[in-house]
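Read through the structure below, which is laid out as structure tokens, and then see the notes.
Throughout, protein chains are lettered first and strands after them, A, B, ... in sequence-line order, and every chain is numbered starting at 1.
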Amino acid sequence: MIRVRFAPSPTGFIHVGNARTAVFNWFFARKNKGSFILRIEDTDVERSTRESEKLLMEDLRWLGIDWDEGPDVGGDFGPYRQSERIEIYKKHAFELIEKGYAYFCFCSVEELEKEREKILSLGGIPKYSGKCRNLRIEESIERVKKGEKAAIRLKVPSDQEVIFRDIVRGDLKFSTNFIEDFVLLRSNGFPSYNFACVIDDKYMRITHVIRGEDHISNTPKQILVYRALGWDYPEFAHLPMVLGSDGTRLSKRHGATSLDQFRGGGYLPEALMNYLSLLGWSSPDGREVLEIDEIVKAFELERVGKSPSIFDYEKLKWINRQHIRKVPIERIVEECIPYLREEGFLPPVLKDSHKKWLFSAIQAVISNLETLKDVKKEFQIFFYFKPEEMDEESKKLVLEESSKRVISKLFSKIKDLDYVGWDEFSAMVKEVGEELKIKGKELFHPIRVALTSKFSGLELKSFVPLIEDGSKIEFPLKILNVKERMERTLRFISGD
RNA sequence: GCCCCCAUCGUCUAGGGGACUAGGACACCGCUCUUUCAAGGCGGCAACACCGGUUCGAAUCCGGUUGGGGGCGCCA
């Protein structure tokens, strides 16, 4: 039974790089019918909050990741918050002291800091001196009993090699000579990352540790802990980094980086997941726009690449567009509603008439949507109509003599009608053309501008019915119909 | 500085000794469809970092150089 975990620390929003790690773990678990475990690494008391833990889980769920075991859903190997497992870590840290594989360290943080700076300034390797390593154990225990603060460090053996196989990278080799006696248990009683991680992965029966490349150098340290404890260790797979456009670590400077920003930015979760899957992995059949279950089916760690990838917002947008076109339009309508409310285009309660209109309107603009959020700007054409604010290009066109004649003529045919259907409308446009001997662009373009105040946009065939129908429905911002729009444009042209 | 990892179009990638004239996708450019703009369709530009070795044959294997990235906390 394959068991993997995603182990974030609840210190802020979830970064897409971390999300990618979560997603790959999840794909691997689902593909192999294994378990995906969510473990909260909240041993940094200063920075961890329950609030971020909550947000983190919400964001993960939004993305489409579910977990079989975790702090909120429970499981047989909990608790799943490290802060609730302190006794377990202590027990094993003391066990290592007893076995002689670890020792108490009484150096203060300030002292160590000073030492490190000194070594660094001399161009040396910042490595703990091992000062407390040879303290007599009886004496150390005595000091601890008296209440002196002490951390516990691992006695890292010298001249040994740690070799492990990484599923992505093959055999990796490290000499223990470059590993210092790192801290297992901090003087505040909390475990360090490299210790807690080992204990938890063992207790939770993790079979595959899939994490970012930035953890490669932690792996030999953790293996040393496994060895000292006499435990076998899981398989490792280190995923390549996700970088920003300039090749440095992806950060705010490059654009959106947290899951909630993509959510708010109008991305479909399956599109983001799809895009994330393409960072370091590719489908054997070469297709890129994939349903989640297709990815699960095809996913293999063996197909994960070794080199870092740059996060490409353009391609994400393109993938998002593909997914927008793929899912049922009802869902797109549903997802667009919050954005439209935000703009004040929709009332708090939607009647059937609203829904019906909305459906047609979304259908009309859907091919222009790169993100769901784009619906806001696409819908302006329905709710805002201000001839006096039209751009120079449109103004110039509409003020031409022939344009004026076209618009007036068409208006004279429409002005007594209560409703203009598309067939009727296009028949009248045709008549106008014949009567004025104007055709083509010269005929159509002025009409477009008269109706939208914009030089380009939706095709009139869908636009005209939408404003005609829309004008009969009650919206917070009234939709003007053909007649009203032409009237206003005419007034603008004549200079009133 | 030290340790480790990585290297195919601008970007994501396929490829794993002969199938390579190196394939696909995004972006970009052009054409087309459309009496607008997009979207769509078609086409184009564009890469094996460098040097050496192994081999009949190297993008592919080996070594080095260069470049990039990661790590070196009582953070995770």
Side-chain angles (χ1 to χ4, degrees), chain A residues 7-11 18 41-44 46-48 82 105 107-109 112-113 116 119-120 122-128 149-153 166 168-170 172-175 177-180 182-194 196-197 211-221 238 240-241 243 245 247-249 275 278-289 303 305-319 321 325 365-370 378 397 429 433 439-445 447-449 452 454-460:
Chain A
S9 55
T11 54
N18 282 114
E41 309 224 325
D42 57 349
T43 55
D44 185 344
E46 320 267 276
R47 296 192 298 150
S48 301
Q82 291 189 325
C105 172
C107 300
S108 73
V109 177
L112 293 170
E113 191 52 45
R116 181 171 300 120
I119 294 171
L120 235 31
L122 294 171
I125 315 152
K127 195 177 149 179
Y128 174 63
K149 289 273 179 208
I152 294 177
R153 289 180 184 269
D166 185 289
V168 173
R169 282 152 221 280
L172 262 25
K173 198 166 85 180
F174 295 82
S175 162
N177 292 345
F178 301 103
I179 301 174
E180 64 172 352
F182 58 94
V183 169
L184 267 20
L185 208 65
R186 296 184 283 202
S187 55
N188 67 2
F190 277 68
S192 71
Y193 165 74
N194 281 312
C197 186
R211 62 197 350 174
E213 189 190 329
D214 48 341
H215 284 292
I216 288 186
S217 52
N218 283 320
T219 309
K221 294 184 185 175
H238 289 96
M241 292 280 115
L243 310 174
S245 49
T248 65
R249 250 192 140 116
Y275 178 68
L278 262 20
L279 258 26
W281 176 85
S282 62
S283 170
D285 64 12
R287 289 191 310 129
E288 299 194 307
V289 180
R303 279 191 73 81
K306 297 192 245 261
S307 42
S309 30
I310 290 173
F311 195 93
D312 184 352
Y313 292 90
E314 289 304 318
K315 186 139 182 179
L316 202 215
K317 278 187 198 161
W318 179 80
I319 297 252
R321 188 203 292 278
R325 290 159 39 146
V365 304
I366 199 161
S367 71
N368 296 330
L369 300 183
E370 215 158 37
E378 291 299 324
L397 174 75
V429 170
K439 58 181 177 179
K441 212 170 172 175
E442 246 186 305
L443 173 63
F444 276 82
H445 220 155
I447 295 172
R448 156 176 305 284
V449 176
T452 66
K454 297 270 189 301
F455 203 71
S456 63
L458 274 186
E459 61 173 346
L460 294 182

Go through A/Ser48 and A/Gln82 one step at a time and tell me if the side chain to side chain contact (heavy atoms under 4.5 Å, CB included) criterion holds. CA-CA 11 Å; A/Ser48 301; A/Gln82 291 189 325; over 6 Å; no
Go through the steps to decide whether A/Phe311 and A/Tyr275 satisfy the test ring pair (Phe, Tyr, Trp, His ring centres under 6.0 Å), and finish with yes or no. CA-CA 9 Å; A/Phe311 195 93; A/Tyr275 178 68; 5.1 Å; yes
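Spacing between B/G64 and B/U11 at atom P, rounded to whole Å, works out to 26 Å. Rounded to whole Å, the P atom of B/U35 lies 22 Å from the corresponding atom of B/G30. A distance of about 25 Å separates the P atoms of B/U13 and B/C72, rounded to the whole Å. One P atom belongs to B/C12, the other to B/A58, and the distance between them is 28 Å to the nearest Å. For the C1' atom pair drawn from B/G1 and B/G24, the interatomic distance equals 43 Å after rounding to whole Å. For the C1' atoms, the distance from B/G52 to B/G15 is 24 Å, rounded to whole Å. A distance of about 14 Å separates the C1' atoms of B/U21 and B/A47, rounded to the whole Å. Only the C1' atoms considered, B/A76 is 48 Å distant from B/A19, to the nearest whole Å.
The side-chain contact (heavy atoms from CB on, under 4.5 Å) search around A/Arg448 returns A/His445, A/Thr452, A/Leu460, not counting sequence neighbours.
A/Gly457 comes within 4.0 angstrom of a base, heavy atoms only. Backbone-only contact: A/Leu279 has heavy atoms under 4.0 Å from sugar-phosphate atoms and none from a base.
In this structure, B/G1 and B/C72 make a Watson-Crick or G-U wobble pair, each of the two defining distances being under 3.5 angstrom. Pairing for B/A7 is with B/U66, a Watson-Crick or G-U wobble pair whose two hydrogen-bonding atom distances lie under 3.5 Å. Across all strands shown, B/C48 remains unpaired; no Watson-Crick or G-U wobble contact has both distances below 3.5 Å. The partner of B/C31 is B/G41, by the rule that a Watson-Crick or G-U pair needs both atom distances under 3.5 Å.
Between atom CZ of residue A/Arg287 and atom CG of residue A/Leu278 there is a gap of 11.5 Å, rounded to the nearest 0.5 Å.
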Between the protein and nucleotides 4-9 of chain B, list the N/O to N/O atom pairs that are separated by less than 3.5 angstrom.
residue: B/C5; atom: O2'; partner: A/Arg169; partner atom: NH1; Å: 2.6

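In this structure, a donor-acceptor pair under 3.5 Å is absent between the side chains of A/Asn194 and A/Ser192. In the model, A/Ser367 has no side-chain atom that pairs as donor or acceptor with a side-chain atom of A/Arg325 under 3.5 Å.
Where A/Ser9 and A/Thr248 each meet RNA chain B at their nearest nucleotide, the meeting point lying more 5' is that of A/Thr248. Between A/Phe311 and A/Phe455, the residue whose closest nucleotide on RNA chain B is further toward the 5' end is A/Phe311.
In the set B/A76, B/U13, B/C12, B/A76 carries the atom at the smallest distance from any side-chain atom of A/Ser192. Nearest to the side chain of A/Ser456, among B/G15, B/C74, B/U36, sits B/U36. Side-chain atoms of A/Arg249 lie closest to B/G71 of the nucleotides B/A76, B/G71, B/C74. Distance from the side chain of A/Arg325 is smallest to B/G40 among B/G40, B/A14, B/G69.
We find that NZ of A/Lys149 is positioned 11 Å from C1' of B/C74, with the value rounded to whole Å.
Within the structure, every side-chain polar atom (N or O) of A/Arg47 is placed at least 4.0 Å from both OP1 and OP2 of B/A76. OP1 or OP2 of B/A76 sits under 4.0 Å from a side-chain N or O of A/Thr43. Phosphate proximity of B/U11 to A/Ser309: absent, as no side-chain N or O sits under 4.0 Å from OP1 or OP2.
Evaluated for a side chain to side chain contact (heavy atoms under 4.5 Å, CB included) with A/Tyr193, the options A/Asp44, A/Thr43, A/Asn218, A/Val183 yield exactly one hit, A/Asn218.
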Mark up nucleotides 26-32 of chain B, 5' to 3', with B wherever a protein heavy atom is under 4.0 angstrom from a base atom, S wherever such an atom reaches only the sugar-phosphate, and - elsewhere. S------
